[in-house]
Amino acid sequence: MADAARSAARRVEASPLVRALARGGYAASGAVHVLIGLLVLTLAFGVSGEADQSGALRAIAGAPLGLAVLWIIAVLLWALALYHLIEAFVLRGGGATEKTAALKTALTTALTTWGRRISEAGQAVVFAALGAVAASVALGARTEGNRSAEDASRGVLALPGGDIVLGLVGLGVAAGGVAFVVMGVMRSFEKKMSIPKDGVGPFVTTLGVVGYIAKGVALAIVGVLLVVAAVTSDASQAGGLDDAFDTLHGLFLGPVLVGLVGAGFVAYGLFLFFRARYARL
């Protein structure tokens, strides 16, 4: 039964339509990140606004044919989420030669396999959630990232041991931010892409490095805010990307830092457009 399910999953994964939609999902995510970056840049110049996924999606909703575009974005993001979920399930071996694999211990192999599974499943959740936000905005919902984060944190803190749970979530988000920075510095994203060695290749790599670092910084700040909310048992201390940028703005040379991160988000969005083209699917 399990083998039959895996075989069916592999056939879905290999479908040209599913792969085309998945590539479209990267492009859709890229458009959202470019808009977030532009909104962050306006914050750097003192213009108030909501610089997160919800703000970017509402900006799209206000454009001509915006609702139709939002539904297209939602469908493409869900398709990309499905692809990553299937990847977590079938998990192609890829990468190592037989000789190399033979030298690995069973424990190392198991940890590597499950690490990749968790990574793929995590990406599936992220893209599915972003697609859900796009759909909710298309349906007229007034979503606010910061308020949603506060409400969720308040609900967690109301549970027995909720402060510990929220603290662990915050540490996890912060660790994810650090992982993004490391991926940018180490350029590990190149392993999942077929980036040309010349021509546009170096430009794509630069966009990836800058983009991953910028998004990692923003996620790390969100994680820190969640940890602060857990330590103080005050849900109002929690926040989403918008609060993260506000926190960054309050630091020394804050507007400059916000501007750099905003430009980094634009770079990450542009990088995702190239990932739609060069991703190894």
Side-chain angles (χ1 to χ4, degrees), residues 26 29-57 119 122-123 125-127 129-130 133 144-146 148-150 153 166-190 192 203-231 237-275:
Y26 282 123
S29 181
V32 173
H33 279 85
V34 167
L35 283 175
I36 293 174
L38 294 176
L39 291 173
V40 175
L41 286 174
T42 64
L43 291 180
F45 291 101
V47 180
S48 61
E50 190 175 357
D52 59 8
Q53 295 94 331
S54 298
L57 292 168
S119 175
Q123 291 181 73
V125 171
V126 170
F127 288 120
L130 185 53
V133 174
E144 293 185 12
N146 292 334
S148 297
E150 290 182 18
S153 298
L166 185 60
L168 291 175
V169 171
L171 290 175
V173 173
V178 173
F180 260 81
V181 173
V182 173
M183 289 173 67
V185 174
M186 301 299 292
R187 306 195 322 190
S188 55
F189 55 84
E190 293 179 319
K192 297 184 178 181
F203 176 66
V204 174
T205 299
T206 301
L207 288 176
V209 171
V210 173
Y212 269 90
I213 292 176
K215 186 167 183 178
V217 169
L219 287 176
I221 295 175
V222 171
V224 170
L225 292 176
L226 290 173
V227 171
V228 171
V231 172
Q237 298 295 321
L241 283 178
D242 195 27
D243 271 350
F245 297 132
D246 287 341
T247 300
L248 196 61
H249 197 280
L251 301 177
F252 177 66
L253 295 178
V256 175
L257 297 176
V258 171
L260 290 174
V261 174
F265 263 72
V266 173
Y268 184 69
L270 295 175
F271 167 78
L272 288 176
F273 283 112
F274 285 104
R275 186 169 184 177

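These figures come from a predicted structure and were not determined experimentally.
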Carefully, step by step, assess Val228 and Val224 under the rule side chain to side chain contact (heavy atoms under 4.5 Å, CB included).
CA-CA 6 Å; Val228 171; Val224 170; 4.3 Å; yes
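- Of all heavy-atom pairs between Gly264 and Ala214, the closest is CA-CB, 3.4 Å.
- Side-chain atoms of Phe189 and Val209, non-hydrogen and from C-beta on, do get closer than 4.5 Å to each other.
- Atom CZ of Phe203 and atom CG of Leu270 lie 6.5 Å apart (nearest 0.5 Å).
- Under the ring-ring contact (aromatic ring centres under 6.0 Å, His included) criterion, Phe180 pairs with Tyr212, not counting sequence neighbours.
- Considering only residues two or more places apart in sequence or on other chains, Thr205 meets the side-chain hydrogen bond (donor to acceptor under 3.5 Å, both in side chains) condition with Glu190.
- Going from atom CG of Leu226 over to atom CG of Leu168 covers 11.5 Å, rounded to the nearest 0.5 Å.
- Scanning all heavy atoms of the two residues, the minimum distance from Val210 to Ala267 falls at CG1-CB, 4.0 Å.
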Any chance you could lay out the side chain to side chain contact (heavy atoms under 4.5 Å, CB included) test for Val185 and Ile213, step after step, and finish with the verdict?
CA-CA 7 Å; Val185 174; Ile213 292 176; 4.0 Å; yes
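- The CG atom of Leu57 sits 6.0 Å away from atom CG of Leu130, with the distance rounded to the nearest 0.5 Å.
- In terms of heavy atoms, Val227 sits closest to Leu171 at CG2-N, 3.8 Å.
- Residue Ala218 comes nearest to Ala244 through the heavy atom pair O-CB, 3.9 Å, listed as atom of the first residue, atom of the second, then distance.
- Phe273 and Val34 make their closest contact through CE1-CG2, 4.2 Å (heavy atoms, listed as atom of the first residue, atom of the second, distance).
- Ser29 places no side-chain N or O within donor-acceptor distance of the main-chain N or O of Tyr26, the cut-off being under 3.5 Å.
- Of all heavy-atom pairs spanning Ala230 and Gly167, the tightest one is CB-N, 3.4 Å.
- Atoms NE2 and OH, from His33 and Tyr268 in turn, are 5.5 Å apart once rounded to the nearest 0.5 Å.
- A distance of 7.0 Å separates CZ of Phe245 from CD1 of Ile36, quoted to the nearest 0.5 Å.
- The OG1 atom of Thr247 sits 6.5 Å away from atom CD1 of Ile221, with the distance rounded to the nearest 0.5 Å.
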